[in-house]
Protein chains: 2
Amino acid sequence: MKLTTRGRYAVTAMLDLAIHGEMQPVSLADISKRQEISLSYLEQLFAKLRREALVDSVRGPGGGYRLAHDSEAIFVAQIIDAVDESVDVTNCQGKGNCHHGEVCLTHHLWQDLSDRIHGFLSGISLADLVDNRGRVAARGSDTVQKLILQ
Amino acid sequence: MKLTTRGRYAVTAMLDLAIHGEMQPVSLADISKRQEISLSYLEQLFAKLRREALVDSVRGPGGGYRLAHDSEAIFVAQIIDAVDESVDVTNCQGKGNCHHGEVCLTHHLWQDLSDRIHGFLSGISLADLVDNRGRVAARGSDTVQKLILQ
DNA sequence: AAAAAACCAACTAAATTAGTAGGTTTTTAT
DNA sequence: ATAAAAACCTACTAATTTAGTTGGTTTTTT
Ligand code: FES
Ligand code: FES
């Protein structure tokens, strides 16, 4: 499993986009300042997010990035997948072959955990995070007032 | 989050102990052969498992390791914790201070995920894994025949 | 006395991550 | 036209971590 700064940065940056990008595109320079993430590193992450069609870019002055879909339709799992972090915790990438080509003793445990993590992150949209300022334990229909963030 | 080969090795080795250690202690040389884990690496892992009182050791020929408790009372989360892998996926180790000493935008998301992962692994004992050969998705009361493993 | 095992400390190679450097291209505003 | 703002692109680098190795010692049994 890889779930490190890279994935956290990507989700944070996308959330920043969801919050500040309603009217006009948001430049990476802005995100870099607000979230304290290296601009160049952000560029690398957004190259991947764009390849996976999670964001659209606008070049030139006044340009930046926009969410490619409604924030209700972008899920945390997609963002993490896009930047090459994997929530898969098996040794065999799900192939079930890490002990002489056979399933090892603990494969099902890791597979099951992986599925649960992915399921959890697949159920949380950027809109959920905006609504709840990241507090998702009691997520779903419980409507929390939109907070002006940052 | 660190959940890599080290944690998987530790759980696999403990499961091997649970399976083969009913009568006499199991040597690391045996586990090394059966599970194909470097003996020296196993020694390092078992030093930690012993420090956390999850196993007892018996020195000298015929010696080896034994579970320090019933397999019903040893949980996967404890094993992972013992070998210094952490299932914590926050950037702040739960302190909530990674953005100018304040909670960052995504803290609650990661905290919540961490709690769920830990909760999941805290609910699975070695006995569960022995019973189900690692298949824990429908765990709990569903009794599956004990399989002779390996 | 020999062998089997735990126990211990230090080192190493490989991989990965986060970040840097140094550009180019596109587009807008003056 | 020019300058500036931004995306876009490639390659490098320092630090960290991991998995594994080496070379022992101590304890206990046969
Ligand atoms: S983790 Fe999948 S077979 Fe071992
Ligand atoms: S992850 Fe905890 S404050 Fe940012």
Side-chain angles (χ1 to χ4, degrees), chain A residues 1-13 17 20-21 24-68 80 83-86 88-89 91 98, chain B residues 1-13 17 20-21 24-68 80 83-86 88-89 91 98:
Chain A
M1 172 164 190
K2 286 180 294 180
L3 194 39
T4 69
T5 306
R6 188 154 86 237
R8 283 192 296 263
Y9 278 176
V11 175
T12 301
L17 255 194
H20 297 97
Q24 65 290 317
V26 177
S27 73
L28 294 188
D30 285 352
I31 298 179
S32 172
K33 269 175 230 144
R34 273 195 294 264
Q35 308 302 335
E36 302 191 286
I37 304 172
S38 138
L39 176 57
S40 240
Y41 202 45
L42 273 178
E43 284 178 341
Q44 290 169 52
L45 298 181
F46 272 77
K48 296 181 180 201
L49 294 169
R50 202 170 69 96
R51 249 175 260 139
E52 298 297 317
L54 295 179
V55 296
D56 289 325
S57 67
V58 180
R59 302 183 73 159
Y65 288 92
R66 245 195 279 262
L67 296 182
I80 301 214
V83 297
D84 288 342
E85 299 231 283
S86 163
D88 180 13
V89 91
N91 185 39
C98 83
Chain B
M1 173 164 192
K2 285 180 294 181
L3 194 37
T4 69
T5 307
R6 187 153 89 236
R8 282 191 296 262
Y9 277 175
V11 174
T12 301
L17 254 194
H20 297 97
Q24 64 290 315
V26 177
S27 74
L28 295 188
D30 286 353
I31 298 179
S32 173
K33 270 175 227 141
R34 274 196 294 266
Q35 306 304 335
E36 302 190 287
I37 303 172
S38 142
L39 176 58
S40 241
Y41 201 46
L42 272 178
E43 285 177 342
Q44 290 170 51
L45 298 181
F46 272 77
K48 297 182 179 202
L49 293 169
R50 202 170 69 95
R51 247 175 262 139
E52 298 297 316
L54 295 178
V55 296
D56 290 325
S57 68
V58 180
R59 301 183 71 156
Y65 288 92
R66 246 195 277 264
L67 296 182
I80 302 215
V83 297
D84 289 340
E85 300 230 280
S86 164
D88 180 12
V89 91
N91 186 40
C98 83

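In what follows, chains carry the letters A, B, and so on, assigned in the order in which the sequence lines appear, proteins first and then strands, with residues in each chain numbered from 1.
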Subject >> Set of residues satisfying side-chain contact (heavy atoms from CB on, under 4.5 Å) with respect to B:R59, sequence neighbours excluded >> reply: none
**OP:** List for me each residue that meets side-chain contact (heavy atoms from CB on, under 4.5 Å) alongside A:I37, sequence neighbours excluded, and say none if there are none.
**Re:** A:Y9, A:Q35, A:L42
Shorter than 3.5 Å, N or O on both sides, protein versus nucleotides 3-7 of chain C: list them out with atom names.
from: C:dA6; atom 1: OP1; to: B:L28; atom 2: N; distance (Å): 2.9
from: C:dA6; atom 1: N3; to: B:R59; atom 2: NH2; distance (Å): 3.3
from: C:dC7; atom 1: OP1; to: B:R50; atom 2: NE; distance (Å): 3.4
from: C:dC7; atom 1: OP1; to: B:S57; atom 2: OG; distance (Å): 2.5
from: C:dC7; atom 1: OP2; to: B:Y65; atom 2: OH; distance (Å): 2.3
from: C:dC7; atom 1: N4; to: B:E43; atom 2: OE1; distance (Å): 3.3
from: C:dC7; atom 1: N4; to: B:E43; atom 2: OE2; distance (Å): 2.8

Under-3.5 Å N/O pairs linking protein and nucleotides 17-20 of chain D:
from: D:dA19; atom 1: OP1; to: B:T4; atom 2: OG1; distance (Å): 3.3
from: D:dA19; atom 1: OP1; to: B:T5; atom 2: N; distance (Å): 2.9
from: D:dA19; atom 1: OP1; to: B:T5; atom 2: OG1; distance (Å): 2.7
from: D:dA19; atom 1: OP2; to: B:T4; atom 2: OG1; distance (Å): 3.4
from: D:dA19; atom 1: OP2; to: B:R6; atom 2: N; distance (Å): 3.3
from: D:dA19; atom 1: OP2; to: B:Y41; atom 2: OH; distance (Å): 3.1
from: D:dG20; atom 1: OP2; to: B:Y9; atom 2: OH; distance (Å): 3.1

**OP:** For A:I80 and C:dT17, give me the distance from atom CD1 to atom P, rounded to whole Å.
**Re:** 13 Å
Original post:
What's the verdict on side chain to side chain contact (heavy atoms under 4.5 Å, CB included) for A:F46 and A:V55, showing C-alpha distance, side-chain angles and the deciding distance?
Top reply: CA-CA 8 Å; A:F46 272 77; A:V55 296; 4.1 Å; yes
**OP:** Kindly say whether B:V83 contributes a backbone atom to a donor-acceptor pair with the side chain of B:R6 at under 3.5 angstrom?
**Re:** yes
Subject >> Listed partners of B:Q24 passing side-chain contact (heavy atoms from CB on, under 4.5 Å), at least two apart >> reply: none
Original post:
Is the backbone of A:A29 close enough, under 3.5 Å, to the side chain of A:R34 for a donor and an acceptor to pair up by distance?
Top reply: no
Original post:
What's the CG-C1' distance between A:L49 and D:dA7, to the nearest Å?
Top reply: 14 Å
Original post:
Taking CG from A:D56 and C1' from D:dA7, how many angstroms apart are they, rounded to a whole number?
Top reply: 13 Å
**OP:** Quickly work out the A:R51 CZ to D:dC9 P distance and round it to whole Å.
**Re:** 8 Å
**OP:** Kindly state each residue pair satisfying side-chain hydrogen bond (donor to acceptor under 3.5 Å, both in side chains) with at least one member in residues 39-49 of chain A, sequence neighbours excluded.
**Re:** A:K48-A:D84
Subject >> Atom-to-atom span, NZ of A:K48 to P of D:dC8 - whole angstrom >> reply: 15 Å
Original post:
So, the side chain of A:R8 versus the backbone of B:V89: is there a donor-acceptor pair under 3.5 Å, distance only?
Top reply: yes
**OP:** Starting at atom CD of B:Q24, determine the distance to atom C1' of D:dT29, rounded to an integer number of angstrom.
**Re:** 15 Å
